Amino acid sequence: MAERITVQIGTHEGAEVAPDLWGLFIEDLNDALDGGLNAERVRNGDFEFNAADRESWHALTGWTATPADRAAIREDAPVHRNNTHHVRLTGPVTLVNEGYDAAADPGERLRFSCFARTSGEGARLVAALGGEPAELDVAPGDWHPIEADLDAAGEGRQALRLEIPAGSVIDLDCVSLRPIGTDGRALTFRPDLLQSLKDLAPSFIRFPGGCVAHGLGLENLYHWKDTIGPRHERAQIPNVWGYHQSRQIGYVEYFELCQATGATPVPIVAAGVCCQNYPGGAVPIPDAEMDQYVHDVLDLVEFANGDTDTTWGARRAELGHPEPFGLRYLGVGNEDQITDDFRDRYARIEDALRAAHPEITVIGTTGPQPAGPDYEAGWAYARERGTDMVDEHGYMNPRWFHQNLDRYAAYDPTESKVYIGEYAARSNTVRSALAEAAYMVGLERRPDVVRLASYAPLLARVGHTQWVPDLIYFTADEVLPSASYFVQRMFAEERGTRLHPVAVEGAPLVPVAIPAAGTVKLRSGGSEVEYADMVLDGRPLPDARTGPGDEGVPLGGIDPSSCELAFTATRRAGEEGFTMVLGPEAPQSFLEMHIGAWQNKSTTVVRSDDGVSCDIHGGIPWSGVRTGEPVRIAVRLDGPRVRLWVDGQLRHDFEQDLRPEERVVAGAASRTAADGSQEYVVRVVNAQRERRTAAVALPGPGGPVTAVVRTLAGAGPDEGAPHAPSPVVPEDSKVHGEGGVELDLPPWSLTVAVLKAG
Ligand code: AHR
């Protein structure tokens with residue numbers, strides 16, 4: 001029998017719900033743009049791939065020429081100085097593009113285009129997609145565009161095949177193949193992915209990142225002006241995620257995406273420093289170039305909002321958009337380390353924006369994690385400067401989200417507002433999706449603090465991911481939304497405008513305790529490490545060794561709330577450090593202490609709950625493990641307190657979060673329906689294994705009530721995985737009652753109900 005709870009909606013109309021709260025984060029990561037949202041089917045159509053993108057890549061990556069020696073990459077008199085390479089094809093030769101998992105499905109009609117040039121009498125180019133070939137004449141003379149529509153035919157997906165007959169010599173560049181829209185024009189965005197974004201009803205879209213916004217090194221920093229204008233004039237650069245940025249989706253297309261989805265744009269510009277993960281660190285833009293950079297940022301506002309008689313407003317009109325894009329927010333920086341260089345560059349940009357565009361809400365940055373040194377320093381700096389809004393990030397485990405529902409109740413609403421620019425519970429399971437849902441109820445309750453929030457990352461092509469979990473996976477012809485996708489959609493599609501207090505009774509909080517017993521284990525990933533002088537809880541242990549491929553060495557049983565371990569580790573081979581795992585086996589809570597951690601540059605403590613891990617302390621920068629140099633490690637677990645010493649230095653000293661998890665959460669907001677009546681949007685997360693019935697009472701005098709209900713349920717907490725479709729999809733129903741309704745809350749479910757009298 002289902003347990004009963006009550007959800008009492010208070011009569012008091014509270015604050016206005018943050019109107020732009022739910023939005024999207026787009027970054028070209030996981031082939032999100034090229035190979036994804038960008039409708040382009042040709043891979044490396046500009047012949048600009050190179051070893052700076054990925055070591056094995058070159059200008060003909062993605063292409064196969066037969067015979068190979070009749071296709072030569074050249075740089076003479078390029079189509080544009082930003083597009084320096086092209087291919088010279090000396091017939092007879094066939095050039096095939098592998099596309100993104102080939103180019104087209106049989107039955108599709110696609111628009112082929114390219115730039116070509118030839119000399120002498122002219123030449124002939126034959127283009128086909130497995131079906132009727134298009135025979136195209138290339139007129140003699142300089143670069144000129146060529147275009148034809150091709151029908152794909154044959155068995156399975158077809159690649160683009162170009163043939164140059166004997167006697168023809170053609171230079172080719174900017175090869176393109178795009179689906180055709182109902183207006184007869186080549187499409188910018190892949191339609192099914194675009195639809196999946198529209199269905200999310202985003203209030204805003206953040207772009208172009210993420211790390212892509214500030215790049216690895218100054219050469220890699222994202223300059224918006226390099227990404228507008230005709231495709232062949234755009235500067236293409238390596239992508240921090242190990243591939244290539246064609247910039248076919250540049251600033252104009254991002255703004256167009258906002259228009260297509262009804263979202264307000266939230267561009268993020270670099271804060272005048274590159275990403276600190278660059279081997280040279282967070283390099284600042286040289287002093288002498290900063291004025292120009294600040295101007296570029298101001299020009300962006302003019303480009304987006306300026307009248308057509310301004311320089312950049314006119315440029316926007318020239319690019320097909322006389323109407324302004326309506327920019328209201330602008331982010332400066334992404335997860336930056338709060339260094340003196342950062343402070344200086346950020347201040348110049350923010351000061352200039354405030355002076356020239358006080359109407360723009362500037363969003364500062366508070367580091368990569370929802371706690372720790374950059375978070376503290378970022379917030380301190382924002383307070384000092386009175387920054388309008390700050391960007392907080394948090395990729396944590398599901399338990400963290402439940403424990404932090406009320407995180408923003410402790411924030412001072414007179415300080416900077418908060419944009420939660422990147423967050424996700426680290427897995428694609430139902431458990432994670434519901435933890436996000438619970439957290440989102442918490443975010444919605446604090447409109448005086450939290451103004452914007454976007455799950456990250458958004459898009460990921462199956463087989464080409466650099467980061468998981470993601471919101472929407474896709475293949476060449478399928479869209480695979482995750483459970484988190486449906487959570488985002490259910491929050492965004494039904495929103496109230498005025499908050500109401502909600503009291504939930506009968507649903508217990510879930511206590512969190514340190515497990516009673518566990519083990520300790522050492523392992524060392526890709527390195528060989530020897531361990532000596534080991535003492536566990538006063539007992540000396542024999543020497544041990546871990547190496548690549550082994551499962552690690554168990555040292556014995558421990559009490560995870562009272563344990564002492566010390567040893568000396570010496571790396572004998574490899575590039576990485578080593579890890580201690582303390583606690584019971586998954587899926588219960590355990591700690592991992594990474595000595596060396598990411599790129600062997602830090603020490604980090606990770607906690608895993610319910611099979612999902614996240615960093616809970618650090619990474620604290622460190623010189624790293626060196627081959628042949630012994631490191632003395634000491635660990636002490638004392639109740640929730642965790643301490644870790646490296647070579648006698650106390651590097652980690654903190655308390656584990658043992659606050660109970662709130663696993664049943666409800667929120668409510670009212671709105672005025674089109675017919676003038678009052679409606680209540682009620683969200684209930686049941687992130688527990690018990691089925692429940694919620695008696696939801698409407699404020700007011702009673703009488704008949706109808707609820708239109710959407711429920712996401714039907715799978716266990718650990719179902720759902722990266723690269724796979726969601727194990728749950730929303731289902732709709734209607735219920736009636738007197739003075740309120742009874743909602744069925746299946747185990748592990750999210751319910752969004754719209755209640756109204758009548
Ligand atoms: O969302 C993926 C990455 O996570 C972003 O690029 C970066 O800002 C964060 O570290």
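Source: prediction; values computed, not measured.
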Under the salt bridge (charged side-chain N to carboxylate O under 4.0 Å, His left out) test, residues paired with Arg157 that sit two or more places apart: Asp105, Asp477

Using a distance-only test with no angle check, is there a side-chain donor-acceptor pair under 3.5 angstrom linking [X] and [Y]?
X	Y	answer
Asn38	Arg178	yes
Ser432	Ser427	yes
Arg495	Ser203	yes
Thr706	His736	yes

Using 4.0 Å as the upper bound for N to carboxylate O, is an ion pair formed by [Y] and [X]?
X	Y	result
Glu494	Arg489	no
Glu108	Arg41	yes
Arg691	Asp744	yes

Is it true that Tyr423 and Trp400 have ring centroids separated by less than 6.0 Å? no

So, do Tyr419 and Phe25 have ring centers that fall under 6.0 Å from each other? no

Please list, chain by chain and in numerical order, all residues satisfying side-chain hydrogen bond (donor to acceptor under 3.5 Å, both in side chains) with Glu40, sequence neighbours excluded. Ser176, Arg231

Step by step, would you call Asp20 with Arg451 a salt bridge (charged side-chain N to carboxylate O under 4.0 Å, His left out)? CA-CA 7 Å; Asp20 293 330; Arg451 305 300 292 173; over 6 Å; no

Checking Asp615 side chain against Val606 main chain: does a donor-acceptor pair fall under 3.5 Å? no

Gln195 atom CD, over 12 foreign heavy atoms within 6.0 Å: yes

